Protein chains: 2
Amino acid sequence: MNLLFKALSDPTRRQIIELLRKRDMNAGEIADYFSISKPSISHHLDLLRQANVVISIKEGQFITYSLNTTVFDEVVTWVLDQSQRKKTNKKDIKQKSK
Amino acid sequence: MNLLFKALSDPTRRQIIELLRKRDMNAGEIADYFSISKPSISHHLDLLRQANVVISIKEGQFITYSLNTTVFDEVVTWVLDQSQRKKTNKKDIKQKSK
DNA sequence: AAAGTATTTAGACATTTGCCTAAATATATA
DNA sequence: TATATATTTAGGCAAATGTCTAAATACTTT
């Protein structure tokens, strides 16, 4: 959960997600869309993979990345949940201190 | 957009959101739920306010914070959008370099 | 007006993050 | 097998982030 939100908190990583939404790409193709170095992109891809946002499949010399859209459900559920006001429980009522 | 995702990327701030989901609270009440200092909580609240996630209203000696749930729509829209595979445009097809 | 309470601001510090270059690894091709 | 290509790993560095204590601000109460 935290890895997931962390993964989404960087603009470059969100752009990578938007790219992969259109089609699967290998690391080099992805890097071509950015002006930062390939190792930096590789690092971002690693974080996205750790957060389960993308899956990577080695295809010969290339590594193809694709979105794992299922994790987004988790985010949507959490966020939508916050939009809904919760009924206050007795035990949640905090006394003013002193 | 970036401020919003940044705001959601910290566990303490997400917990604050979950607290405010139940009821509005003033800064001191919120701080009571955590073991970190009041100035730190105040800082988190400031970031949440900058991201438009909460609104603060001064009520005498207290400052009441409440959720501004409308911003969550933005997140849900973006995330849901990524879950939906996009039709590939001609112009989006990137030639393999060389 | 003085003292107490609620909250923020200021400034310092350690950790994390995002970036870089150089080197390592793995596969493909001449 | 030697060379070229694709990608990652390693290590370093600057900026951003999260935390703290001390001090400032603002309101309330005596």
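Every chain is numbered from 1 and lettered A, B, ... according to where its sequence line falls, protein lines coming before strand lines. These numbers were taken from a predicted model, which means no experiment stands behind them. Hydrogens, waters and symmetry mates are skipped; everything else that's a heavy atom, side chains included, is used.
Computed from coordinates, the B:Q50 CD to D:dG18 P distance equals 12 Å when rounded to whole Å. Between B:N2 atom CG and C:dT17 atom P the separation is 15 Å, expressed in whole Å. Atoms CD1 (B:I41) and C1' (D:dT19) sit 11 Å apart, rounded to a whole Å. Rounded to whole Å, the distance from NE2 on A:H44 to P on C:dT16 is 18 Å. Atom C1' of nucleotide C:dT7 and atom CD of B:E59 are separated by 14 Å, given to the nearest angstrom. Atom pair A:I57:CD1 and D:dA6:C1' shows a separation of 17 Å (rounding to whole Å applied). Atom C1' of nucleotide C:dT27 and atom CD1 of A:I63 are separated by 11 Å, given to the nearest angstrom. As a whole-Å value, the separation of A:D46 CG from C:dC19 P is 14 Å.
A:I16 and A:I55 fall into different hydrophobic clusters, defined by Ile, Leu, Val, Met, Phe, Trp and Tyr side-chain heavy atoms under 4.5 Å apart, directly or through other members.
The B:I36 side chain lies nearest to D:dC20 when the options are C:dT21, D:dC20, D:dG18. In the set D:dT7, C:dA6, D:dT19, the nucleotide with an atom closest to the side chain of B:F62 is C:dA6. Here the side chain of B:D10 is nearest to one of D:dA6, C:dC19, D:dG18, namely D:dG18. Out of D:dT7, C:dA6, C:dA22, the shortest distance to the side chain of A:P39 is found at C:dA22. If you check D:dT8, D:dT19, C:dC19 against the side chain of A:T12, the one that comes closest is C:dC19. Comparing D:dT19, C:dG18, C:dT7 by their closest approach to the side chain of B:K38 singles out C:dT7. Among the nucleotides C:dT7, D:dA26, D:dT8, the one closest to any side-chain atom of B:A27 is C:dT7.
No engagement by B:R49 is indicated, since no non-hydrogen atom pair under 4.0 Å with the nucleic acid exists.
Nucleotides of DNA chain D nearest to A:H43 and A:K6 differ in position, and the one nearer the 5' end is that of A:H43.
In this structure, the side chains of B:T70 and B:N52 stay at 4.5 Å or more apart for every pair of heavy atoms. Proximity of A:R14 to B:W78: side-chain heavy atoms (C-beta onward) are separated by under 4.5 Å at one or more points.
Between B:D24 and B:S66 the shortest heavy-atom distance is OD1-CB, 3.0 Å.
Contact of A:Q61 with D:dT5 (side chain to base): a donor-acceptor pair of N or O atoms is detected under 3.5 Å.
B:Y65 has a side-chain polar atom (N or O) that falls below the 4.0 Å cut-off from OP1 or OP2 of C:dT8. OP1 and OP2 of C:dC19 both lie 4.0 Å or more from every side-chain N or O belonging to A:S40. In terms of phosphate contacts, B:N26 brings no side-chain nitrogen or oxygen within less than 4.0 Å of OP1 or OP2 of C:dA6. Checking the phosphate oxygens (OP1, OP2) of C:dC20, a side-chain nitrogen or oxygen of A:S37 falls inside 4.0 Å.
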Intermediate values then yes/no, side-chain contact (heavy atoms from CB on, under 4.5 Å), A:V53 and A:F72: CA-CA 8 Å; A:V53 172; A:F72 292 123; 4.1 Å; yes

After noting the C-alpha distance and the side-chain angles of B:V75 and B:V71, does the key distance pass the side-chain contact (heavy atoms from CB on, under 4.5 Å) rule? CA-CA 7 Å; B:V75 181; B:V71 290; over 6 Å; no

